[in-house]
Amino acid sequence: MTVELVRETWPGKIFAVTIGATASEGGTRARTVTVGGHAALPFLPGDALSPNRPVVAMEVMDALPQDWPEALKAQLGDVCSSPADWARKCVEAYGAELICLRLNSPHPDWMDASPDAAVATVRSVLEAVPVPLIILGCGHADKDNEVWPRVTEATKGERCLIGVATPENYKTLVVSCLADGHSVLAESPIDVNIQKQLNILITEMGISPGRIVLHPGNASLGYGLEYEYSIMERIRIAGLQGDKMLAQPMLTLSAEESWKAKEAKLPEAAQPAWGSESRRGPAWEAITATSFLHAGADILVLMHPEAAAAARRAIADLSAAAATA
Amino acid sequence: MPLTALDIYKILPKTNCGECAFPTCLAFAMQLATKKVAIDACPYASDDAKATLAGAAAPPIRLVSVGPTEQCIVMGKETVLFRHEETFYHPTAIAVRVRTGGSPEELRAAFERVKALQFDRVGQEVRVELVALEDATGEPDRFASAAVLAAEMGLALVLVSSSPDALSAAASAVKQHRPLLYAATADNWEAMAQLAKSCGCPLAVRGKNLDELADLTVRIAASGVTDLVVDSGARTPAATLQDLTQIRRLALRKTFRPLGYPAMAFATAGDPLDQAVQAAAYICKYAALVVTDELEPWQALALVTARQNVYTDPQKPIQVESGIHTIGAPDESSPVLVTTNFSLTYFTVEADTEASRTPAWVVVVNTEGMSVMTAWAADKFNAETIAKAIGESQIAERIGHRRMVIPGGIAALSGKLEDLCGWQVMVGPRESAGIPAFMRTQWKQASAAASS
């Protein structure tokens, strides 16, 4: 018999957000990355072909947390003291499509680095790699508000994605992004309504809803994955149903949360039944991130090269044209 | 799809005889539609009408069980496409492939490795529950004895063979353990259906595509075998995901009976990490059973964790018991930590406190399964509830000090809490990862100051 397939059509569409700008667009990037633009749930081309597949960004930090996992040091130890070298390795050796630069050092409890120093770091990374940048602040509101305007100015025209805007602290970031032509990464604590409210506040300041990417919370495999998964799925469905304040591409910072899990880093000697920690850590990161693909994640930010490579293979496999599509 | 009162009215006698105790057939139909009465109340209902009603009452995805009674694995009977709409009910069963080619010792070792793939996570025992025993040689005796060995070792089975003879030998030998027979295809479905019927075992059905699959299940069901698990034949991630989605949509949105069965998927990647990533995708998206290559512990741990997450009921967060919990062997000078009864919160606090190597008391407040900040926002984790929990726990009788540590996120309520219970309230870290540092510094200083 011929099975009549159930196709879903949606009234809404997810905004397409382009990160990076080439020389002809006023920037210096060799290529740009566009995410979103979907008219269907992920990997269902029979419902609607998606113009943009999800992408893998790799995270680079300007200062390492004290308890940075050994498994990451083993992979990245030779470059992790220089954000430019680290970024270059991610792009050249590991095929990162974007670099997500996290500016930890300005945090007052960390190194209290100056906005000038942050700007110098951002410049060095821009020069080191041809790919577009995502730039994250240190999370200390007052300090971020000193650093952000300087960073957006220094990268004017590069069309970076800069974050994170939170309900408690978004105005300075939005004004700076608006002035210098960047997009905003808007974060909510695993809550659809707060995410929507934040988007309303941000767009009321004049930034177009097509220049926002959502970061709906942090969770990892075994530690709240299901919450973030369902929030992303609900946001994506609401966006497809026509809610323009939830119709943005989504990003997940999977590395940081995954490596907090004891399952990712406990040595095999301490927990023999869990098997090799050198495989377990990257697997924890990769499965956290790739699970979110099915809930609608558009940008996976990863750290371990094996996790990044596995995520890229998964995206390619899932996006391949299928015989039964 | 449930029948409406009008649908039902059309198949009733329409005589309004009243013997069902309702004045008209339409009134009776309305009662039937809401399942308040049974069709048996009508003495004149045709067999067709009864069959139609019985069919409509059947779940859109059939419930199928595999494995021996004491470790029965239940699949199917899912009700939604997205877990936030309700919940996913029957966690994806994981079957790891073991081929029969090797010696009995090698087989035994492989079965032992599968049995070892069990873990304790947030208070639940989670494991890989099935072996997909694959007939590598086509020898009936050899396949049967391998199946018997696996069954004796307590493993539930999927029996995989393209030889009906071999499958018959193995199925007969272990039929009381209710293995899933894999697989009926267009070439052999009659023999396979007969075998499933004679052994009383569930049967997997493989089509070349959804069209052929639907044809096969209709024929097999008509022959009287209805405990089926369906395989669309897809072997790439993209095609598998699309087919699993269509099977679920057709069953739930269209009550399409030919595909209203639990669906199975195969992880086919050569790389072990890719295998795990594929299997996790099928766990997220609708597989009732996923077959993988043999799994290393690190793969299995990640997969059973993903499954536990995805199949957690969103309406019922896992909770731990409220009251006093101990970490290590705390004594009267040990710290008292306060947290919520949301299991994830508790278990992270537990893990990080263990990591601090400081024995501690933990007073768990009943926050109805909410995490710290959610419970605080919902007013379930406030000065009153904490003071009450401290009082009810009678922790004061077990310690010599009066200092409690609250999560950093709720620092704002420390003053009120001190007023309410008269304890010194110390503000701990916002994230439990900061507990070891907190114990090393602030707790140590506070207890030293108190004892000097």
Side-chain angles (χ1 to χ4, degrees), chain A residues 1-6 8 41-46 67 189-190 221-227 229-231 233-234 237 260 262-263 268 272-284 286-288 290-291 293-295 306-307 309-311 313-314 317-325, chain B residues 82-84 116 118-119 121-122 209-211 213-215 218 232 234 236-243 245-246 249-250 253-254 256 258-259 269 271-274 276-278 280-281 283-285 296-303 305-306 308-312 314 344 348 351 355 371 373 433:
Chain A
M1 72 179 79
T2 304
V3 176
E4 196 180 324
L5 300 179
V6 185
E8 305 223 313
L41 291 171
F43 312 117
L44 298 173
D67 54 354
I190 312 199
L221 181 60
Y223 297 86
L225 176 123
E226 68 272 29
Y227 291 90
Y229 182 93
S230 282
I231 290 297
E233 201 157 61
R234 287 172 60 193
I237 289 170
K260 277 188 198 163
K262 62 178 185 285
E263 287 87 344
E268 186 171 4
W274 288 1
S276 154
E277 77 263 23
S278 67
R279 303 305 310 266
R280 207 183 329 116
W284 215 257
I287 289 179
T288 298
T290 56
S291 297
L293 286 175
H294 302 287
E306 285 172 29
R313 292 192 298 269
D317 285 349
L318 289 162
S319 309
T324 58
Chain B
F82 306 106
R83 59 184 294 280
H84 63 260
Q118 51 181 303
F119 312 93
R121 277 212 92 258
V122 284
N209 50 44
L210 293 177
D211 294 349
L213 180 61
D215 279 330
V218 168
S232 75
T236 66
T240 303
L241 197 78
Q242 288 163 35
D243 283 354
T245 303
Q246 282 299 334
R249 280 184 185 172
L250 282 158
R253 298 260 159 89
K254 302 285 179 194
F256 184 66
L259 295 177
D271 176 88
L273 179 51
D274 291 357
V277 165
Q278 280 183 8
I283 286 168
C284 291
K285 288 293 172 185
E296 296 283 334
W298 60 270
Q299 295 169 291
L301 178 66
L303 288 181
T305 304
Q308 187 183 41
N309 286 168
V310 171
Y311 280 83
T312 294
L344 276 177
T348 14
S371 64
M373 296 317 291

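The model shown is predicted, which means the values in this text are computed figures rather than measured ones. A note on names: the letters A, B, ... follow the listed sequences, proteins ahead of strands, and every chain is numbered from 1.
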Novice: Relative to chain A, which segment of B/Leu344 carries a heavy atom at a distance below 4.5 Å: side chain, backbone, both, or neither?
Specialist: side chain
Novice: Work out which heavy atom in A/Leu318 is nearest to a heavy atom in B/Ala238; give both atom names and the distance.
Specialist: O-CB, 3.5 Å
Novice: Mind checking side chain to side chain donor-acceptor pair (under 3.5 Å) for B/Gln278 and listing every partner two or more places apart, or none if nothing turns up?
Specialist: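 Checked B/Gln278 against side chain to side chain donor-acceptor pair (under 3.5 Å); zero matches.
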Novice: Is there a donor-acceptor pair closer than 3.5 Å between any side-chain N or O of B/Asp215 and the backbone N or O of A/Met1?
Specialist: yes
Novice: Inspect the contact between A/Glu4 and B/Arg253 and indicate whether a charged nitrogen and a carboxylate oxygen are less than 4.0 angstrom apart.
Specialist: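 So B/Arg253 does not pair with A/Glu4 through a salt bridge.
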Novice: Pick whichever of B/Ala280, B/Ala116, B/Pro272, B/Ala276 has the most heavy-atom pairs under 4.5 Å with chain A.
Specialist: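 Of the options given, most contacts go to B/Ala276.
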Novice: Might you point out which heavy atoms bring A/Asp317 and B/Pro237 nearest each other, and give the distance in Å?
Specialist: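 Residues A/Asp317 and B/Pro237, closest heavy atoms: CB-CG, 3.7 Å.
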Novice: Given a strict heavy-atom distance threshold of 4.5 Å, which part of A/Arg313 is in contact with chain B: side chain, backbone, both, or neither?
Specialist: side chain
Novice: Please list, chain by chain and in numerical order, all residues satisfying salt bridge (Lys or Arg N to Asp or Glu O under 4.0 Å) with A/Lys262, sequence neighbours excluded.
Specialist: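 Result, salt bridge (Lys or Arg N to Asp or Glu O under 4.0 Å) vs A/Lys262: none returned.
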Novice: A side-chain contact here means heavy atoms from C-beta on lying under 4.5 Å apart; do B/Thr305 and A/Tyr223 qualify?
Specialist: no
Novice: What part of B/Ala281 gets closer than 4.5 Å to chain A, counting heavy atoms only: side chain, backbone, both or neither?
Specialist: both
Novice: Specify the closest pair of heavy atoms between B/Pro297 and A/Gly275, including all atoms of both residues, with the distance to one decimal.
Specialist: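 Distance-wise, the nearest heavy atoms are CB-N, 3.7 Å.
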Novice: Go through B/His84, B/Gln308, B/Arg249 and name the one with the most non-hydrogen pairs under 4.5 angstrom from chain A.
Specialist: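 The answer is B/Arg249.
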